[in-house]
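Working notes for the structure below.
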Amino acid sequence: MVGAGTVLVAVAGSGLLVWRGFGILRGSAKDARQRLRLPVWTILLAGIAAMLILELALLTDDFSVRYVAEHHSRSTPLLFTIATAWAALEGSIVLWCLVLAGYIYTVYRNLDSDDRPGAAALIVMGVVALFFFGMVATVANPFTAVSPVPLDGPGPNALLQNNILMAVHPPLLYLGYVGFTVPFAFALSALALGERGTGWLNRTHRWSLVAWTFLTAGIVAGAWWSYSVLGWGGYWAWDPVENASFLPWLVATAFIHSAIVQMRRGMLQAWNVVLLIATFALTILGTFLTRSGIVASVHSFTQSAVGPTLLAFLLFVVLGSLALFASRAHLVASAPRLDSFISREGSFLVNNLLLTLFAFVVLTGTLYPLLVEAFTGDQVSVGRPFFDRLATPISFALLLVMGLGPALPWRASSSEMLWRRLRGPIWAALAVGAAAVVTGLRATSIVSVLILSVFICSVIASLMWTRSKAVVEKFGSNRLQAIVRVARGDPAFWGGQIAHVGVAVVAVTIAVSGGLAERNTFTIPIGESVVFSGYVLEYEEPFTRSEPNREVLGGRVKVIQAGDTVGWLEPRFHVYPNRVDPVVTPSIRVTPVSDLYLTPVAISQDQIKVTAIYYPGISYLWAGGFLVAVGGAWALMMGRSRVKHRDDVFAHN
């Protein structure tokens with residue numbers, strides 16, 4: 001078939017990229033762009049063609065293609081038909097290949113003349129492309145034919161066609177996952193070529209930010225999807241699939257912080273290489289966990305060749321990268337010593353230790369049940385209490401360090417300078433905490449998170465106020481212009497501070513919405529009502545309707561607050577042709593203050609049984625999460641248009 005042919009072309013292009021890359025390293029790097037043009041364009045065009053052919057097969061209901069026959073139906077709406085291309089195993093690997101082809105092309109476009117490090121990095125990316133395109137050509141081929149050809153198919157998984165976020169969440173994750181191939185490739189390139197210094201970091205900093213920003217947005221979109229679709233009322237359950245994306249995010253966040261230290265002070269060189277190896281390995285581990293079937297059962301892992309193949313590649317990446325690192329450790333072993341822990345680089349070091357400890361906890365809780373089952377045959381589970389018990393103190397420590405870091409100068413700080421910078425934020429945070437207690441908030445965890453989060457935001461506001469004041473005095477601009485000038489003068493720093501504000505918002509929202517949520521289950525006869533968390537819920541009537549891809553059975557509930565009707569909610573069941581059990585679909589009333597969340601338990605002609613949840617302020621979780629991603633985007637976008645003539649007003653000291 002044509003689709004399978006394009007994949008084979010991509011495999012050939014990947015092999016050619018590796019071959020010609022080695023040829024450049026063995027000889028002269030002159031005309032590297034010209035010599036690598038053919039394989040790079042081959043990979044890019046073949047990757048695009050493979051995805052387009054898969055999409056065309058879905059859009060034209062070509063059930064002679066096995067992937068279409070197994071994961072599509074004629075009644076699937078257009079948006080979810082398009083998203084079906086990455087909704088199952090084989091298609092998701094095609095998406096991975098397409099994204100990787102795009103990153104290979106962007107690296108190629110940025111090659112310099114006589115660029116041996118760039119050519120070496122493309123060799124690494126070519127090896128990765130060879131593996132993933134090879135998977136699509138063999139064990140994960142979506143283009144195999146089916147006979148006899150069915151007239152229709154079962155459609156995608158019902159949960160994957162129940163919300164528009166399904167069309168957004170996986171591509172965002174993959175743009176993040178695959179993006180870390182670029183800094184990983186340049187790190188190995190620098191090791192292999194014996195390069196010292198920060199050259200490879202400077203070249204890959206923007207790619208690291210791109211990948212981290214997309215991964216952040218993908219995780220937030222996934223949590224929002226879980227909250228809006230699954231009906232259990234939560235957004236994060238420490239599920240292995242969730243942890244699969246969170247693990248590389250934690251380690252990548254540590255890397256982005258420690259990379260700043262290396263670029264500024266030449267420290268943490270070896271540590272940065274290890275973090276990048278770990279980040280890339282964790283993206284492969286995440287793909288293995290979510291696409292091998294091992295999460296469902298160790299026994300199902302062996303039912304497909306995909307799992308063992310991914311595991312073999314993971315071992316190859318880890319062992320090969322660490323072997324190269326060990327052989328070149330002397331190149332990155334020497335570095336300036338830390339002058340004082342009470343410094344910017346000291347805070348970054350503590351931040352790194354906490355993030356890697358956090359990642360180790362999540363990794364242990366995720367893999368322990370799988371390892372126990374693999375070696376003993378026993379099935380055990382590591383639940384939310386384990387993660388919460390260990391993650392909570394680490395999170396508190398991270399918040400504290402996040403607040404202290406921006407106020408600390410590089411190299412060392414005096415106690416007088418530190419107190420001068422921190423006394424205002426400390427008093428502001430304590431005042432807000434005291435006010436919360438006075439108004440009746442007694443939960444220690446919530447008050448503590450509130451104090452730390454206000455401290456973080458106050459430190460950032462104080463820094464901005466001080467620096468913008470200096471700009472006003474020096475240039476005579478108004479305060480708003482000065483703030484813009486300061487923020488654009490150092491986009492990397494202020495992008496980080498925007499992200500920190502987002503983390504503070506997320507922390508407060510998690511604490512408040514979790515600690516102050518109310519939950520109850522009611523059976524409401526038709527025409528009657530119940531009182532819940534300041535609302536009156538009146539059951540008006542059941543309803544049924546037919547939609548192109550499903551049948552809907554729901555109940556209409558009037559929501560009354562302070563005697564006024566403020567809206568209606570329609571908790572419902574979606575019945576899909578390919579699923580025996582109906583899909584529970586919640587109905588949510590969203591306001592800036594709180595969410596009222598109704599999940600159906602049972603619906604009949606004369607009554608409805610629902611689980612009602614009141615979540616104070618939970619909408620700020622998504623806002624804060626996306627604000628974290630905006631911080632990365634700010635550093636990227638403003639980095640291209642930063643003020644050319646900076647002065648010491650913007651220096652971080």
Side-chain angles (χ1 to χ4, degrees), residues 76-77 79-80 82-84 86-87 155-173 216-239 241-242 245-246 290 384 502 505-506 509-510 512-514 517-519 521 532-533 535 537 545 547 549-550 552-557 559 566-576 579 581-601 603 608 610-629:
T76 304
L79 177 63
F80 297 112
I82 295 171
T84 299
W86 51 81
N157 185 310
L159 290 173
L160 303 182
Q161 52 178 319
N162 215 31
N163 190 283
I164 193 174
L165 285 172
M166 173 51 201
V168 178
H169 165 57
L172 287 175
L173 279 184
T216 303
I219 291 172
V220 176
W224 197 1
W225 174 83
S226 177
Y227 174 77
S228 303
V229 171
L230 298 185
W232 63 291
Y235 47 84
W236 194 266
W238 297 108
D239 180 90
V241 175
E242 296 169 341
S245 60
F246 191 45
T290 57
R384 189 180 192 107
V505 172
V506 168
T509 306
I510 290 173
V512 171
S513 65
E518 298 179 38
R519 179 189 296 257
T521 299
F532 173 71
S533 192
Y535 292 99
L537 307 178
R545 61 172 175 258
E547 296 182 356
N549 60 327
R550 63 194 178 197
V552 180
L553 169 63
R556 186 174 174 84
V557 179
V559 181
V566 294
W568 285 264
L569 292 177
E570 296 184 346
R572 57 205 180 277
F573 296 104
H574 290 165
V575 181
Y576 292 86
R579 187 182 176 106
D581 298 324
V583 176
V584 175
T585 305
S587 184
I588 310 169
R589 181 175 186 268
V590 179
T591 73
V593 177
S594 63
D595 279 15
L596 177 61
Y597 189 104
L598 293 188
T599 299
V601 178
I603 300 174
I608 186 171
V610 295
T611 295
I613 309 174
Y614 171 79
Y615 277 125
I618 197 170
S619 294
Y620 296 101
L621 180 61
W622 330 123
F626 285 117
L627 187 60
V628 176

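Worth saying up front: this structure is predicted, and the values here are computed from it rather than measured.
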Measure the [atom1]-[atom2] distance between [X] and [Y] for me, rounded to the nearest 0.5 Å.
X      : Y      : atom1 : atom2 : result
His574 : Thr585 : NE2   : OG1   : 4.0 Å
Glu570 : Ile588 : CD    : CD1   : 13.5 Å
Leu79  : Asn163 : CG    : CG    : 10.0 Å

Can you name the nearest heavy-atom pair linking [X] to [Y], along with the distance?
X      : Y      : answer
Pro156 : Thr84  : CG-OG1, 3.7 Å
Arg384 : Ala237 : NH1-CA, 3.7 Å
Tyr576 : Ala158 : CD1-CB, 3.4 Å
Ser513 : Thr509 : OG-O, 2.6 Å
Val220 : Trp622 : CG1-O, 4.0 Å
Pro600 : Pro571 : CD-CB, 3.6 Å

What I want to check is whether the side chains of Asp595 and Tyr614 have a donor and an acceptor closer together than 3.5 Å. no

Is a donor from one side chain sitting under 3.5 angstrom from an acceptor on the other, for Thr611 and Thr521? yes

More than 12 heavy atoms of other groups within 6.0 Å of Ile164 CD1: no

May I ask you to check whether over 12 heavy atoms, not counting those of Tyr620, lie within 6.0 Å of atom OH? no

Would you say the side chain of [Y] lies within less than 4.5 Å of the side chain of [X], judging by non-hydrogen atoms?
X      : Y      : answer
Val575 : Arg550 : no
Val557 : Leu598 : yes
Trp86  : Met166 : yes
Leu537 : Val559 : yes
Ile603 : Phe573 : yes

Expected output: side-chain [X] to main-chain [Y] donor-acceptor under 3.5 Å:
X      : Y      : answer
Ser245 : Glu242 : yes
Gln161 : Phe80  : no
Ser594 : Pro616 : no

Phe246 and Trp236: CA distance, side-chain angles, deciding distance, ring pair (Phe, Tyr, Trp, His ring centres under 6.0 Å) verdict: CA-CA 11 Å; Phe246 191 45; Trp236 194 266; 5.6 Å; yes

Decide side-chain contact (heavy atoms from CB on, under 4.5 Å) for Leu596 and Tyr535; before the verdict, give the C-alpha distance in whole Å, the side-chain angles of both, and the deciding distance to 0.1 Å. CA-CA 9 Å; Leu596 177 61; Tyr535 292 99; 4.1 Å; yes

Going by the angle between their ring planes, with limits at 30° and 60°, are Tyr597 and Tyr615 parallel, tilted or perpendicular? perpendicular

Would Phe626 and Thr216 count as a side-chain contact (heavy atoms from CB on, under 4.5 Å) if you check the C-alpha gap in whole Å, the side-chain angles of each, and the deciding distance to 0.1 Å? CA-CA 8 Å; Phe626 285 117; Thr216 303; over 6 Å; no

Evaluate side-chain contact (heavy atoms from CB on, under 4.5 Å) for Trp224 paired with His169, printing each intermediate quantity in order. CA-CA 10 Å; Trp224 197 1; His169 165 57; over 6 Å; no

Under the side-chain contact (heavy atoms from CB on, under 4.5 Å) rule, what do Val610 and Val601 come out as? Steps first, then yes or no, please. CA-CA 5 Å; Val610 295; Val601 178; 5.7 Å; no

